[in-house]
Protein chains: 2
Amino acid sequence: MTTTPAPDSAMEGLREEDYLRLDQQICFSLHAASRAFGGLYRVILKDLGLTYPQYLVMLVLWEHGELPVKKVGEHLRLDSGTLSPLLKRLETAGLVRRERSARDERSVLVGLTDEGVALREQALRVPRRISAATGFDVAEILDLRSRLDKLTDALDAAALEETPDHE
Amino acid sequence: MTTTPAPDSAMEGLREEDYLRLDQQICFSLHAASRAFGGLYRVILKDLGLTYPQYLVMLVLWEHGELPVKKVGEHLRLDSGTLSPLLKRLETAGLVRRERSARDERSVLVGLTDEGVALREQALRVPRRISAATGFDVAEILDLRSRLDKLTDALDAAALEETPDHE
DNA sequence: CGCCATTCAGTTGTGCACAATTTAATTGTG
DNA sequence: CACAATTAAATTGTGCACAACTGAATGGCG
């Protein structure tokens with residue numbers, strides 16, 4: 001229980017009740033925004049036959065080519081428990097190919113099939129539609145992105161601190 | 001993680017390929033931030049025996065008291081498909097009580113048990129820990145919240161436009 | 001060299017999100 | 001009043017997220 005109090009100058013006058021309401025606001029907002037994004041992607045990606053997380057995996061493969069499952073997971077912050085069934089579905093859909101690495105038999109290399117490579121052409125029109133849907137210009141998007149990344153780093157660090165078996 | 005690539009002032013000069021990369025950045029960031037938040041809440045809420053979505057439901061009930069399932073769903077943007085099993089688990093945990101409305105037999109009223117009311121005392125210390133973990137002050141949180149809400153509204157409107165059966 | 005801790009992918013189990021459907025109650029309209 | 005349309009909750013089915021665990025392969029170290 002070694003929580004750093006982080007004395008915020010502006011929070012002095014707030015009671016715990018106010019915190020509870022403020023907290024409600026921020027977690028509601030983030031939760032809602034995340035799901036709204038997922039909802040729009042769901043509609044737009046329906047033509048491609050991809051879900052939102054599947055689209056993220058395809059983006060990684062389009063950019064980096066063949067990768068071991070581990071590396072894909074590092075790019076997306078996902079573990080094998082999520083990726084294994086997801087990749088199996090992409091393989092069933094014919095977009096992705098999986099094979100054991102010869103160099104390291106523990107590792108499985110994930111690569112694109114011809115069909116997977118071809119799908120990139122369809123995907124190229126997705127970002128413009130998403131971008132237009134946000135109503136934000138590039139500067140706003142970049143600014144929001146940097147704030148979210150900063151938030152993510154802080155939250156990850158804090159979660160690590162809070163974890164009981166953290167020595 | 002990676003630094004901002006070529007912060008061009010306008011979208012004019014961007015090709016579709018650039019869009020695809022930019023898009024990757026923003027959807028990665030939002031996805032990651034959302035899950036980082038979930039991860040921290042998971043750690044902090046473990047003491048209370050609540051998941052993050054369950055905590056959101058409890059916040060609504062602490063603030064508004066007894067409500068029909070429909071109203072809870074409106075506050076959280078969730079439907080009965082998500083809420084029914086979630087509320088059943090809260091009921092099993094002894095925090096929540098469900099009963100058919102006498103006025104409208106279709107409706108089910110969700111209320112807090114004594115135990116559910118009592119849990120609020122434990123929950124009061126959660127927001128301060130979350131807030132401290134973000135490393136953001138109140139002004140930053142409020143600013144981020146308003147941007148996210150604006151984004152959510154835009155995305156919802158766009159998803160509606162994109163829906164095929166939208167007249 | 002041989003053993004053991006580590007690493008990687010996969011599996012299992014729990015819970016959330018959401019679409020589509022089902023059932024029952026209510027409301028609106030002729 | 002009767003009956004069709006609507007509404008509320010629950011159920012079913014798919015997919016994602018993550019913790020905990022399994023099993024196989026690897027690499028380090030005595």
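Every value quoted in this text rests on a predicted model; they were computed, and no experiment measured them. Chain A is the first sequence line, chain B the second, and so forth, proteins listed ahead of strands; every chain is numbered from 1.
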>> Let's see if you get this right: which residues in residues 28-40 of chain A place a heavy atom under 4.0 Å from DNA chain D?
In response: none

> With respect to the phosphate group of C:dG10, does any side-chain polar atom (N or O) of A:Arg98 fall under 4.0 Å of OP1 or OP2?
Replying inline: yes

>> Test of understanding: with side chain to side chain donor-acceptor pair (under 3.5 Å), list the residues that count as partners of B:Glu115, not counting sequence neighbours.
In response: none

>> So if I take residues 57-72 of chain A and measure heavy-atom distances to DNA chain D, which residues fall below 4.0 Å?
In response: none

What does the list of N/O pairs under 3.5 Å between the protein and nucleotides 23-28 of chain C look like, with a distance for each?
residue	atom	partner	partner atom	Å
C:dT26	OP1	B:Glu105	N	3.1

>> Checking A:Asp104 now: which residues fulfil side chain to side chain donor-acceptor pair (under 3.5 Å) with it, not counting sequence neighbours?
In response: A:Arg106

>> Between the base of D:dA9 and the side chain of B:Ser84, is there a donor and acceptor pair under 3.5 angstrom?
In response: no

> Which part of the nucleic acid, if any, lies within reach of B:Thr82 when heavy atoms closer than 4.0 Å are counted: base, sugar-phosphate only, or nothing?
Replying inline: base

>> Among residues at least two apart in sequence or on other chains, which ones pass side-chain contact (heavy atoms from CB on, under 4.5 Å) with A:Glu91?
In response: A:Arg98

> Is any side-chain N or O of A:Thr51 under 3.5 Å from a base N or O of D:dG15, one able to act as donor and the other as acceptor?
Replying inline: no

>> Of the options D:dA10, C:dA19, C:dG10, whose atoms approach the side-chain atoms of B:Asp79 most closely?
In response: C:dA19

>> For a quick check of understanding: with a heavy-atom distance under 4.0 Å over all strands, which category does A:Leu83 fall into, base, sugar-phosphate or nothing?
In response: nothing

>> With a 4.0 Å cutoff (strictly under), does any side-chain N or O of A:Ser107 reach OP1 or OP2 of C:dA9?
In response: yes

